[in-house]
Visitor: 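Supplied in structure tokens, the structure appears directly below.
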Amino acid sequence: MASQGEDDLQASTTEGFKVGEKKTVEEYAKLDQNDESLNRWKASLGISSSPAIHVDPKDQRRCVIKSLALEVEGRPDITIDLTAPGSVEALKSKPFTIKEGAKFRMKANFVVQHDVLSGLKYLQVTKRKGIRLAKNEEMIGSFAPNTQDKPVYEKKFEPDEAPTGMLARGHYDAASKFADDDGHSYLKFEWSFDITKEWK
């Protein structure tokens with residue numbers, strides 16, 4: 001498969017929406033401390049007094065995707081450790097196998113470091129024989145840097161069901177990206193999957 005065009009993986013935009021002013025975790029923590037609703041909002045982001053996890057100061061990424069997994073009903077998860085050398089590159093050449101009609105969903109584990117992450121989203125384009133079949137975009141949310149109490153975040157995506165029938169069976173290519181409201185891309189990769197009549 002040729003490399004997916006950058007336009008395919010552009011997030012949708014809402015006319016008139018502007019990303020809010022950036023603040024540090026400390027600024028958010030001190031912001032209107034007596035405002036009960038604002039305190040609930042800060043708690044929903046994970047802003048707490050728990051000590052931050054140790055991060056490499058040379059790694060300036062705000063979000064690090066640690067692993068991806070395919071959850072299939074009644075089967076063990078297939079997990080890809082993205083911290084292993086060559087793991088992202090191997091995704092394209094080692095397709096997942098999904099039985100037709102199977103219910104499945106993707107799952108991601110990630111770490112937020114240094115500062116609040118605003119509007120993390122997952123984008124995916126699926127193609128078959130070079131023809132685009134679907135473009136999906138799922139909002140993951142906004143998160144404070146991970147703490148010792150919460151060392152990793154997990155996101156389970158919306159469940160899906162593999163298509164059925166002779167015409168649906170075969171090889172599919174996909175391109176995916178994790179990006180935030182500011183347009184920063186944290187992981188972009190190509191992968192593939194096969195829809196089969198039976199599990200292999």
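These values consider heavy atoms only, across backbone and side chains, with no hydrogens, waters or symmetry-generated copies.
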Visitor: Distance alone, cut at 3.5 Å: any donor-acceptor contact between the side chains of W191 and S176?
Guide: yes
Visitor: Do the side chains of K200 and D194 get close enough for a salt bridge, i.e. N-O under 4.0 angstrom?
Guide: no
Visitor: If you apply the rule side chain to side chain contact (heavy atoms under 4.5 Å, CB included), what do you find for K66 with L82, and how did you get there?
Guide: CA-CA 5 Å; K66 296 285 195 177; L82 297 175; over 6 Å; no
Visitor: Quick one: closest heavy-atom pair of S87 and A84, and the distance?
Guide: OG-O, 2.8 Å
Visitor: Looking only at the side chains, is there a donor atom on one of T83 and D81 sitting less than 3.5 Å from an acceptor on the other?
Guide: yes
Visitor: Checking side-chain polar atoms at under 3.5 Å, does T196 have a donor or acceptor matched by the opposite partner on E198?
Guide: no
Visitor: Does R128 qualify as a cation-pi partner of Y172, given the criterion of NZ or CZ under 6.0 Å from the six-membered ring centre and within 45 degrees of its axis?
Guide: yes
Visitor: Check this for me, if you would: do R105 and D160 make a salt bridge, where the nitrogen-to-carboxylate-oxygen distance has to be below 4.0 angstrom?
Guide: no
Visitor: Check step by step if side chain to side chain contact (heavy atoms under 4.5 Å, CB included) holds for L70 and M106.
Guide: CA-CA 5 Å; L70 179 69; M106 299 293 288; 3.7 Å; yes
Visitor: State whether D59 and R61 are salt-bridged, where the test is any N-O pair (Lys NZ or Arg NE/NH1/NH2 against Asp/Glu carboxylate O) under 4.0 Å.
Guide: yes
Visitor: Strictly below 4.0 Å, N to O, side chains only: are E100 and R169 in salt-bridge contact?
Guide: yes
Visitor: Between D173 and S192, which heavy-atom pair has the shortest distance, and what is it?
Guide: OD1-CB, 3.7 Å
Visitor: Would you call K103 and E73 a salt bridge, using N to O less than 4.0 angstrom?
Guide: no
Visitor: Can you measure from SG (C63) to CG (D115) and round to the nearest 0.5 angstrom?
Guide: 13.0 Å
Visitor: Just do the side chain to side chain contact (heavy atoms under 4.5 Å, CB included) check on F110 and L68 with the steps written out, would you?
Guide: CA-CA 9 Å; F110 60 97; L68 290 172; over 6 Å; no
Visitor: Taking the inter-plane angle between the rings of F178 and F189 on a 0 to 90° scale, is it parallel (under 30°), tilted (30 to 60°) or perpendicular (over 60°)?
Guide: parallel
Visitor: Checking D77 side chain against T79 main chain: does a donor-acceptor pair fall under 3.5 Å?
Guide: no
Visitor: Can you give me the closest heavy-atom contact between L187 and V88, atom names plus distance?
Guide: CD1-CG2, 4.1 Å
Visitor: State plainly whether the residues E71 and K156 are in salt-bridge range, i.e. N to O under 4.0 Å.
Guide: yes
Visitor: First locate atom CD1 of I98, then atom CZ of R75, and finally report the distance between them rounded to the nearest 0.5 Å.
Guide: 11.0 Å
Visitor: Under 3.5 Å, is there a donor-acceptor pair between the Y153 and N109 side chains?
Guide: no
Visitor: Which pair of heavy atoms, one from M139 and one from K121, lies closest together, and at what distance?
Guide: CE-CE, 3.8 Å
Visitor: What's the shortest heavy-atom distance between G119 and S142, and which atoms?
Guide: N-OG, 2.9 Å
Visitor: Where is the tightest heavy-atom contact between R62 and D182, given as atom of each residue plus distance?
Guide: NH1-OD2, 3.9 Å
Visitor: In Å and rounded to the nearest 0.5 Å, what is the CD1 to CD distance from I53 to Q148?
Guide: 9.0 Å
Visitor: Starting from the C-alpha separation in whole Å, work towards a yes-or-no answer on side chain to side chain contact (heavy atoms under 4.5 Å, CB included) for E137 and Q124.
Guide: CA-CA 6 Å; E137 181 174 337; Q124 177 181 304; over 6 Å; no
